[in-house]
2 protein chains.
Amino acid sequence: MTIRKQRAPTLEDVAREARVSLKTASRVLNGSENVRKEKVTKVRAAMARLGYRPNELARSLMTRKSGAIGIVVANLANPFVIKVIKEVQEVARSNGYVVIITSSEGQPEVERSEIESLVRRQIDGLIIAPATTGWKHLSPILPMHIPVVTFDQLIRGSNLDSVIITNRQSAAEATQHMLDHGFRRVVAIGTRPHLYTSRERVAGYRKSMTQANLKPRECLVAHESLLTAKWLEAEVLGEHAADAIFSLNWVSTQRVLRGLRDLGIRGGQDIPLLSFDDFDLGDVLTPGLSVVQQPSDLLGRESARLLFERLKGDGVQPSRRILLPARLVIRESCGCRLIMEPNATLPSGLQRLPERGHSRRI
Amino acid sequence: MTIRKQRAPTLEDVAREARVSLKTASRVLNGSENVRKEKVTKVRAAMARLGYRPNELARSLMTRKSGAIGIVVANLANPFVIKVIKEVQEVARSNGYVVIITSSEGQPEVERSEIESLVRRQIDGLIIAPATTGWKHLSPILPMHIPVVTFDQLIRGSNLDSVIITNRQSAAEATQHMLDHGFRRVVAIGTRPHLYTSRERVAGYRKSMTQANLKPRECLVAHESLLTAKWLEAEVLGEHAADAIFSLNWVSTQRVLRGLRDLGIRGGQDIPLLSFDDFDLGDVLTPGLSVVQQPSDLLGRESARLLFERLKGDGVQPSRRILLPARLVIRESCGCRLIMEPNATLPSGLQRLPERGHSRRI
DNA sequence: CTGAAAGCGCTAACAC
DNA sequence: GTGTTAGCGCTTTCAG
């Protein structure tokens with residue numbers, strides 16, 4: 001009756017409608033025990049009649065909990081990132097939280113301002129795939145008591161909770177695998193050399209190369225846009241002609257494959273190729289793409305778990321770091337052909353994955 | 001000095017620190033003209049000294065604008081969806097908005113509750129890729145004065161702003177293209193027959209088949225999980241052996257390709273294949289995947305544009321519907337081989353895209 | 001130009 | 001069990 005015109009009904013409207021006090025209505029809304037059943041029913045009815053929707057913003061202002069967490073990533077196009085987000089989202093939802101996603105485009109500047117914006121919106125927690133390895137541009141948010149979890153990249157000198165994968169070891173394994181094929185001039189191709197992941201993967205690559213008494217040769221571009229056919233021709237296929245390629249991340253693999261194609265070279269066939277990061281169609285490519293597969297789902301879940309554990313538990317737990325194993329998924333682009341006997345062992349004792357039934361042709 | 005312990009500084013703290021009134025501080029914060037320069041400086045300094053961050057929630061409560069929009073999609077794994085989100089995000093950011101992303105997993109139930117949650121958080125606008133064609137479960141949010149834009153799917157009986165693509169026409173074109181190759185038993189494979197997009201695409205397919213005096217034969221599964229190798233063998237390759245496949249969406253293409261592979265059949269090579277929706281590596285597959293490519297970037301931008309036009313403009317504009325053209329991208333999996341003369345015309349007069357330089361081998 | 005007072009929609013303390 | 005009184009941190013009247 002006495003509803004303020006043109007405005008969504010408030011709890012006060014509900015209380016009036018149900019002829020109870022504001023606080024009683026509030027108690028019903030929050031499922032408090034201390035209300036007579038009779039009144040609960042009345043309030044519920046009033047809510048339904050009015051089409052009442054609680055204003056979470058008002059509630060947040062009082063409780064100092066927004067029920068939102070933020071996630072900042074570098075590149076929304078990367079399926080790996082998406083899978084992580086998807087998992088985080090799921091965990092968040094099951095905890096009654098929403099997630100605000102922002103993208104830094106790999107630029108620290110943008111990252112900073114996005115985080116700032118999230119903090120102003122009073123997010124309760126933050127998950128970041130840092131755009132750089134630096135700590136300076138992030139420290140301004142530390143003084144606040146908001147929990148932060150980083151994944152993918154590690155931030156130097158911080159002691160934030162973090163979830164990372166076995167970059168170095170997996171890169172070493174992958175390189176070793178190609179070496180076991182007999183390739184000698186395996187070239188590592190990647191982007192953004194300053195990133196933690198790049199550095200680690202390169203280190204793993206170098207280790208395997210050096211151990212085999214081979215000269216490591218990594219070709220990293222500052223930005224993916226530089227990874228063109230022309231560049232490939234000059235840097236990778238030119239004088240020091242590579243006899244195999246180890247691509248260090250998703251975007252570089254995509255670029256390499258395109259570049260090679262433009263040169264009339266079939267990646268993985270004319271020249272062996274192993275990729276750090278898998279693709280949606282990686283298993284149906286011809287030949288199947290051999291990859292180091294990141295445990296993206298697990299990564300997302302663990303990141304979210306760390307965050308929510310801090311959000312629930314009030315104690316001052318020590319910071320935790322989780323290291324997740326990446327998995328070498330051997331298909332064919334690395335030079336493997338499925339012609340071996342059922343019990344034959346693979347180069348470095350890997351297990352064959354039964355992923356390409358038809359590949360038993362040569 | 002007199003900062004409340006352990007709490008983020010408020011505007012009141014700033015005012016006290018700067019020895020001005022709360023309102024003056026507020027004016028400075030909002031860049032109001034009517035403040036003496038001298039005071040502006042003092043307030044700014046106080047803000048910096050205190051490390052003040054405005055609380056957007058409190059502001060929102062008063063202004064009734066949360067500065068957030070929501071977006072609800074069916075499947076975060078779909079690259080098409082991701083591209084749309086990415087664009088929306090960008091537009092939102094340039095308007096000073098954040099976007100809250102939620103996923104309905106294709107279930108109307110979930111969709112409803114996610115929207116409810118967003119509305120409670122006072123989002124200013126909503127972009128939806130509806131999980132169904134129905135209107136009932138969405139109408140509860142209409143009474144509110146929050147602008148809604150739908151994309152991808154169309155909702156029957158609503159007059160919401162919407163952005164869709166030429167599903168029917170493009171499907172007809174694609175089918176016709178395969179028919180022009182001489183295939184007679186083109187089978188359409190898809191998922192979730194009740195969806196608007198599925199129905200439209202099937203309609204386009206049927207049109208081309210019927211016009212050619214051929215019997216349409218569409219095989220749709222209720223859920224993608226049913227699209228297995230076994231199912232393919234029984235339904236598509238069995239008695240009425242298909243001589244070409246038209247896959248109606250991203251997920252079905254992925255499933256079809258995997259299923260065929262498991263049967264020892266190379267999709268696009270042993271059996272021609274055309275896909276509605278492109279893939280990250282669609283152009284480097286062997287053979288290259290011929291696809292109907294959705295203008296996902298444009299779709300995202302237009303959806304966001306419609307929404308923000310409503311958010312800014314206060315007038316009661318009539319609802320708008322934008323129809324965007326999908327593009328037939330011919331590579332090779334449809335049966336095309338790049339052996340024709342430079343000036344030869346393609347089957348239905350399409351333009352060859354110069355995407356696969358090396359394919360000039362048969 | 002500036003400031004005091006009121007209040008956005010809700011919850012946290014206390015009383016009753 | 002219930003209602004009253006204060007606010008949360010900010011913006012909006014509306015006087016000066």
Side-chain angles (χ1 to χ4, degrees), chain A residues 2-43 46-47 50-67 119-124 144-145, chain B residues 2-43 46-47 50-67 119-124 144-145:
Chain A
T2 348
I3 298 172
R4 295 202 239 47
K5 65 163 183 181
Q6 283 307 38
R7 254 200 208 160
T10 72
L11 199 53
E12 194 179 345
D13 297 325
V14 171
R16 202 177 313 133
E17 174 85 8
R19 305 184 174 287
V20 298
S21 81
L22 176 58
K23 183 56 195 167
T24 301
S26 168
R27 276 197 257 264
V28 172
L29 179 59
N30 293 287
S32 163
E33 291 297 304
N34 301 339
V35 185
R36 267 224 295 276
K37 281 212 162 179
E38 189 185 315
K39 295 208 173 184
V40 173
T41 321
K42 264 168 62 180
V43 172
M47 284 176 169
L50 263 40
Y52 170 71
R53 291 165 197 280
N55 182 332
E56 290 295 335
L57 254 40
R59 183 190 300 220
S60 299
L61 190 56
M62 198 61 210
T63 59
R64 294 155 185 298
K65 301 218 155 299
S66 66
V119 171
R120 288 181 176 204
R121 291 202 145 76
Q122 312 296 117
I123 48 160
D124 298 334
M144 324 239 26
H145 284 292
Chain B
T2 347
I3 297 173
R4 293 201 238 51
K5 64 162 185 183
Q6 285 303 39
R7 258 204 204 157
T10 73
L11 198 53
E12 195 178 343
D13 296 326
V14 171
R16 201 177 312 134
E17 174 84 8
R19 302 184 176 289
V20 297
S21 82
L22 176 58
K23 182 55 195 166
T24 301
S26 168
R27 277 195 256 263
V28 173
L29 179 59
N30 292 286
S32 165
E33 290 297 303
N34 302 337
V35 184
R36 267 224 294 277
K37 280 214 163 179
E38 187 187 314
K39 294 206 173 183
V40 173
T41 321
K42 263 168 62 179
V43 173
M47 284 177 169
L50 263 40
Y52 171 71
R53 293 165 195 280
N55 181 333
E56 291 296 335
L57 254 40
R59 185 191 301 224
S60 299
L61 189 57
M62 199 62 207
T63 59
R64 295 158 183 297
K65 300 216 157 301
S66 65
V119 170
R120 289 182 175 202
R121 275 171 212 279
Q122 312 299 114
I123 49 160
D124 297 334
M144 323 241 23
H145 285 292

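Throughout, a chain's letter reflects where its sequence line sits, starting with A, and its residues are numbered from 1.
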- Below 4.0 angstrom from OP1 or OP2 of C:dT11, is there any side-chain N or O of A:Asn30? yes
- Any sub-3.5 Å donor-acceptor pair from B:Ser26's side-chain atoms to B:Leu22's backbone N or O? no
- Message: As a test of reading the structure: which of C:dC1, D:dT4, C:dG3 is closest to the side chain of B:Arg36, going by heavy atoms?
- Response: C:dC1
- Task: Look at the side-chain N and O atoms of A:Lys39 and state whether any lies under 4.0 Å from the OP1 or OP2 oxygen of D:dG3.
- Result: yes
- Rounded to whole Å, the CG-P distance (B:Leu57 to C:dT11) equals 14 Å
- Query: For D:dG3, does either OP1 or OP2 sit under 4.0 Å from a side-chain N or O belonging to A:Thr24?
  - Reply: yes
- Query: Closest to the A:Thr10 side chain: D:dG3, D:dT11, C:dG9?
  - Reply: C:dG9
- Task: Among C:dC1, C:dG3, C:dA13, find the nucleotide with the atom closest to the side chain of A:Lys23.
- Result: C:dA13
- Query: Can you tell me how far CZ of A:Arg64 sits from CG of B:Leu57, rounded to the nearest 0.5 angstrom?
  - Reply: 11.5 Å
- Query: Is a side-chain N or O of A:Arg121 found less than 3.5 angstrom from the main chain of B:Gly67, in a donor-acceptor match?
  - Reply: yes
- Task: Grab the CZ-C1' distance between B:Arg53 and D:dC10 for me, whole Å please.
- Result: 17 Å
- Message: What is the distance, to the nearest angstrom, from the CD atom on B:Glu38 to the P atom on C:dT2?
- Response: 9 Å
- Query: Closer than 4.0 Å, any side-chain N/O of B:Ser26 to the OP1 or OP2 of D:dT11?
  - Reply: yes
- Message: Counting distance alone, no hydrogens or angles: does the base of C:dG3 have a donor or acceptor under 3.5 Å from a partner atom on the side chain of B:Arg27?
- Response: yes
- Using a heavy-atom cut-off of under 4.0 Å over every strand shown, decide if B:Leu61 touches base, sugar-phosphate, or nothing. base
- Task: Between A:Glu33 and B:Tyr52, name the one whose nearest nucleotide on DNA chain D is closer to the 5' end.
- Result: A:Glu33
- Quick one: is B:Arg59 getting a side-chain N or O under 4.0 Å of the D:dT11 phosphate, OP1 or OP2? yes
- Using whole Å, report how far CG of A:Asn55 lies from C1' of D:dG9. 14 Å
- Message: Any salt bridge linking A:Glu38 with A:Lys42? Criterion: basic side-chain nitrogen under 4.0 Å from a carboxylate oxygen.
- Response: no
- Note on the structure: B:Lys65 atom NZ is separated from D:dC10 atom C1', nearest whole Å, by 16 Å
- More 5' along DNA chain C: B:Arg19 or B:Met62, using each one's nearest nucleotide? B:Arg19
- Message: Measure CG/A:Asn34 against P/C:dA15 and give the value in whole Å, please.
- Response: 18 Å
- Inter-residue atom distance A:Leu29.CG - A:Lys23.NZ, 0.5 Å rounding: 9.5 Å
- Task: Scan A:Arg64 against the nucleic acid and name what it touches under 4.0 Å (heavy atoms): base, sugar-phosphate only, or nothing.
- Result: sugar-phosphate
- Please give, in whole Å, the distance from C:dG9 P to B:Arg121 CZ? 18 Å
- Task: Rounded to the nearest angstrom, tell me the gap between atom CG in B:Leu29 and atom P in D:dT12.
- Result: 11 Å
- Item | Interatomic spacing from OG1 in B:Thr24 to CG in B:Asn34 - rounded to 0.5 Å | 10.5 Å
